[in-house]
Amino acid sequence: MNFFQQNRSPKPGNRRKRPNFISNVLWMYLLVALCLVGLYYFQDSSQTREVDWTDFEKTALAGEISKIYVYPQNGVAEGILTKEGAKKLKFNTDSGLDGDMKIKTTIPSSDAVQKKIDIWNETLKEENKPAIVINYQKDSEIMKLLVYLLPTALIIFFFIFMSRRMGTGAGGGGIFNVGKSKALVFDKNNGTNVTFKDVAGLAEAKVEIEEIVEFLKNPQRYTELGAKIPRGALLVGPPGTGKTLLAKAVAGEANVPFLSMSGSDFVEMFVGVGAARVRDLFKQAKEKAPCIVFIDEIDAVGRARGKNPNMGSNDERENTLNQMLTEMDGFQSNNGVICLAATNRADMLDKALLRPGRFDRQIYVDLPELSDRVEIFNVHLRNIKVNSHLDVEQLARQTQGFSGADIANVCNEAALIAARNNKDAVDWDDFMAAIDRIVGGMEKKSRIITNDEKYSIATHEAGHATITWMLQYGNPLVKVTIVPRGRALGAAWYAPEERQIIPTQALLDTMCGLLAGRAAEELFTGQIGTGASDDLERCTKIARSLVLVYGMSDKLPNINYNDSSGQDMGFTKPYSEQTAEIIDSEVKRIVNEQYERAKEILRKYAAQHNQIRDMLIEKEVIYHDDVEKILGKRQWKSRTDEIIEINKKMDEEKESSKKNKVIDITPEEVDDNSVNNSYDDVDDPGTPPPFNPSENK
């Protein structure tokens, strides 16, 4: 299945106001300036030296003190020195400070100081020296309080200010609200612009999702019959197939609040934050019920418990998962709250999370089939000016294995290529160039290749083309090129078949086709090169899957050593050393057999191979029709052609049924024995090792 998604900006009500960075900086500068001004006005610019009472008295009797300030509460006296006194006591008179130079001492009592100063003044009067002026100072309680509390108050103010600014910038409301959920809320007045019309392909998934929306709109229709509304649905599928877009369509279609959150939003550096955010999320959902809660990439917090090698330490992720399990289906009921979640790794999720009552349904969003890709192309091409003669169905056939995101990228890339070439509309060549660029990369026109290297590359690619053409399960050939793209010196482009069940011979034919390039090099050039490294890697993976996963080995039949849950950390092997030796020998045997098979086919069709090679050297790019002229038509019909024929027959039957008159048949006229509803239980064989549309060297 695939989907179409437009980049639309959210409504003004949905935008969270972002903090202005410039205003934050101005506030910081203003705070620093206020601190500097306060330091300037409150600092004491005078020079002070502490002395004992005896030295203080000697200085006063010498006439070197002009004024004395007495602080009775502190028991301190300060004497303002004259210039002669400051020089005598070696004060720095050239420092440029405007403050006084003074000495400070501890007094016995204020009465004793007054008597002493009276005696000093009488002595100074006899010596014709100026008298000392005495002032009694009383400290201000407010100033003392400010001196002690102002630094603490500034620190507290700075901490609150910074925490608020940080919280606003992160969208979480500050460090004190770290346990609040970060869910985006969409409702009737603030919804998304994506609807089910923007979702193309895989009608079955849309039907199940539309049912969930219908449950919330008309719950009485189902509860009157005793049915219970499903608690949740899990969207499972490969990346790019449109799981998140399907959830956006639900938010756009449903007339109920929609809370969206990512699995990674529950993860935080503080302990217990994940569980707190889960509680807050479901608290909001209960208050807004009926509503929908969507958790994207739920595997970030929903992995199976007890499988992580954390050495017995507390796992914050497990605490978050436990809280999520309790909130979804615990003692407290969540009536009216439906949970949607999306992941591409359902095998990693905890079994308790997948049980009915939490996620009642698992909706599989697979890669699109041929008809789905046609719909997806039609949706993406709505806003692109294309050539009127563009064959959309042929485009869909050229993009087997592409997801919805890949098709969107193809359409956008084709439009960019057409604009770069100053075209009025996007045509077929632009789409082919876009597919080539996405799969293989940009052409390396500046790369210099010698004639010997060109001959070797052409021999290699001609080997791939010849072998796959002659094999029953070989993928249909699109084109062969020896023009360097990306890291590849040449490539054979195929349209991979969309098989539901892959037989053993199909895997063996794939391996034979991968080894054909090296086999051609050995037969027709007498030496092998490093260009087949990618082919060998993919071939070895398929051979190991034959033995370890699919149980197709002669010596180890019907045995699967693969851990589909993904919990095997790789520290131990599920088989003995003797079995490991058998596995290695079987993998070598299978690979060697297919290599010899490839060489045998190439010997049989050596003349045709050489013609393809020479044509490649001359044209650099050859297509399906060119190969067909040399090798003739393929003996086997591709599965894609069979699907097209089946679809055409179904369409014809629908049209003919519309023309016929509708005949009412009563239930008694139906023979129960004439209907055979038997189904064969066939397990999904799983996805074999990835086989890209191109074979890059």
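Predicted, not measured: the structure shown is a model, and the values here were computed from it.
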Trace of the side-chain hydrogen bond (donor to acceptor under 3.5 Å, both in side chains) decision for Y550 with S545: CA-CA 6 Å; Y550 303 125; S545 298; 5.2 Å; no
side-chain contact (heavy atoms from CB on, under 4.5 Å) partners for D509, two or more places apart: L471, Q472, Y473, Q505, R597
Closest non-hydrogen atom pair between A598 and A516, with its separation: CB-CA, 4.3 Å
CD1 on I482 to CD on E453, rounded to 0.5 Å: 11.5 Å
Side-chain donor/acceptor of T241 to backbone N/O of P238, under 3.5 Å: yes
Any residue meeting side chain to side chain donor-acceptor pair (under 3.5 Å) with R345, in chain and number order, not counting sequence neighbours: none
Contacts under 3.5 angstrom, residues 620-630 side chains, donor-acceptor by atom type, not counting sequence neighbours:
{"from": "E620", "atom 1": "OE2", "to": "K454", "atom 2": "NZ", "distance (Å)": "3.4"}
{"from": "D626", "atom 1": "OD2", "to": "Y623", "atom 2": "N", "distance (Å)": "3.0"}

Donor-acceptor contact present, side-chain R437 to main-chain E413, <3.5 Å: no
Side chain to side chain donor-acceptor pair (under 3.5 Å) partners for S371, two or more places apart: none
Where A492 and E461 come nearest, the two heavy atoms and their spacing: N-OE1, 3.4 Å
Distance, nearest 0.5 Å, that separates CE of M470 from CD1 of I601: 9.0 Å
Which residues share a side-chain contact (heavy atoms from CB on, under 4.5 Å) with A520, sequence neighbours left out: T459, F524, L602, H609
Salt bridge (Lys or Arg N to Asp or Glu O under 4.0 Å) involving E210 - partner list, sequence neighbours excluded: none
V426: partners by side-chain contact (heavy atoms from CB on, under 4.5 Å), with sequence neighbours left out: I384, V386, A414, A415, A418, D430, F431
Expected output: side-chain D360 to main-chain R231 donor-acceptor under 3.5 Å: yes
Test item: R538 side-chain N/O and S533 main-chain N/O as donor-acceptor pair under 3.5 Å: no
Close side-chain approach of L395 and W428, heavy atoms under 4.5 Å: yes
Distance (rounded to the nearest 0.5 Å) between E208 CD and L246 CG: 10.0 Å
Side-chain ion pair, R382 and D198, N-O less than 4.0 Å: yes
V392 side chain near N378 side chain, heavy-atom distance below 4.5 Å: yes
I298 and L353: CA distance, side-chain angles, deciding distance, side-chain contact (heavy atoms from CB on, under 4.5 Å) verdict: CA-CA 10 Å; I298 195 174; L353 189 64; 3.9 Å; yes
Residues which pass salt bridge (Lys or Arg N to Asp or Glu O under 4.0 Å) with E204, listed by chain and number, not counting sequence neighbours: none
Residue pair L321 / R303: nearest heavy atoms and the distance that separates them: CD2-O, 3.4 Å
Exercise: identify the closest heavy-atom pair between N344 and E297: OD1-OE1, 4.4 Å
Distance-only polar pair, side chains of D296 and S262, donor-acceptor under 3.5 Å: no
OG1-CG distance between T540 and L514, expressed to the nearest 0.5 angstrom: 9.5 Å
CA sep, side-chain torsions, deciding dist, call: T343, L234, side-chain contact (heavy atoms from CB on, under 4.5 Å): CA-CA 8 Å; T343 181; L234 182 66; 4.0 Å; yes
L381 vs C411 side-chain heavy atoms within contact, under 4.5 Å: yes
Evaluation steps, salt bridge (charged side-chain N to carboxylate O under 4.0 Å, His left out), between E211 and R361: CA-CA 12 Å; E211 275 189 358; R361 296 181 177 182; 3.0 Å; yes
Nearest-0.5 Å distance that lies between atom CD1 in I407 and atom CD1 in I376: 4.5 Å
Residues that A247 engages under side-chain contact (heavy atoms from CB on, under 4.5 Å), provided they are two or more places apart: F258, F294
L536 side chain reached by V591 side chain, heavy atoms, under 4.5 Å: no
Over 12 non-hydrogen atoms of neighbours within 6.0 angstrom of CG in N218: yes
Side-chain touch L281/F266, heavy atoms, less than 4.5 angstrom: yes
Salt bridge (Lys or Arg N to Asp or Glu O under 4.0 Å) involving E537 - partner list, sequence neighbours excluded: K541
Side chains of D535 and H460, donor plus acceptor under 3.5 Å: yes
Within-4.5 Å side-chain heavy-atom neighbours: L340 and L235: no
Sidechain-backbone polar pair: E375 side chain, G201 backbone, donor-acceptor under 3.5 Å: yes
Nearest non-hydrogen partners of A434 and V410, listed with the distance: CB-O, 3.6 Å
For F215, ring pair (Phe, Tyr, Trp, His ring centres under 6.0 Å) partners two or more places apart: Y222
Heavy-atom closest pair, residues L616 and A462: CD1-N, 4.1 Å
Any I417 side-chain heavy atom under 4.5 Å of D429 side chain: no
Main-chain N/O of E393 paired with D391 side-chain donor or acceptor, under 3.5 Å: yes
Sidechain-backbone polar pair: E253 side chain, F196 backbone, donor-acceptor under 3.5 Å: yes
Nearest-0.5 Å distance, CG of residue D350 to CZ of residue R355: 11.0 Å
Test item: K243 side-chain N/O and V365 main-chain N/O as donor-acceptor pair under 3.5 Å: no
N/O donor-acceptor pair under 3.5 Å between W469 side chain and G632 backbone: yes
With R544 via side chain to side chain donor-acceptor pair (under 3.5 Å) - residues at least two apart: none
Test log, rule side-chain contact (heavy atoms from CB on, under 4.5 Å), inputs V199 and K206: CA-CA 8 Å; V199 180; K206 290 172 61 176; 3.9 Å; yes
V236 and I363: CA distance, side-chain angles, deciding distance, side-chain contact (heavy atoms from CB on, under 4.5 Å) verdict: CA-CA 6 Å; V236 183; I363 303 174; over 6 Å; no
Side-chain touch I292/P257, heavy atoms, less than 4.5 angstrom: no
Exercise: do S403 and D406 side chains pair donor with acceptor under 3.5 Å: yes
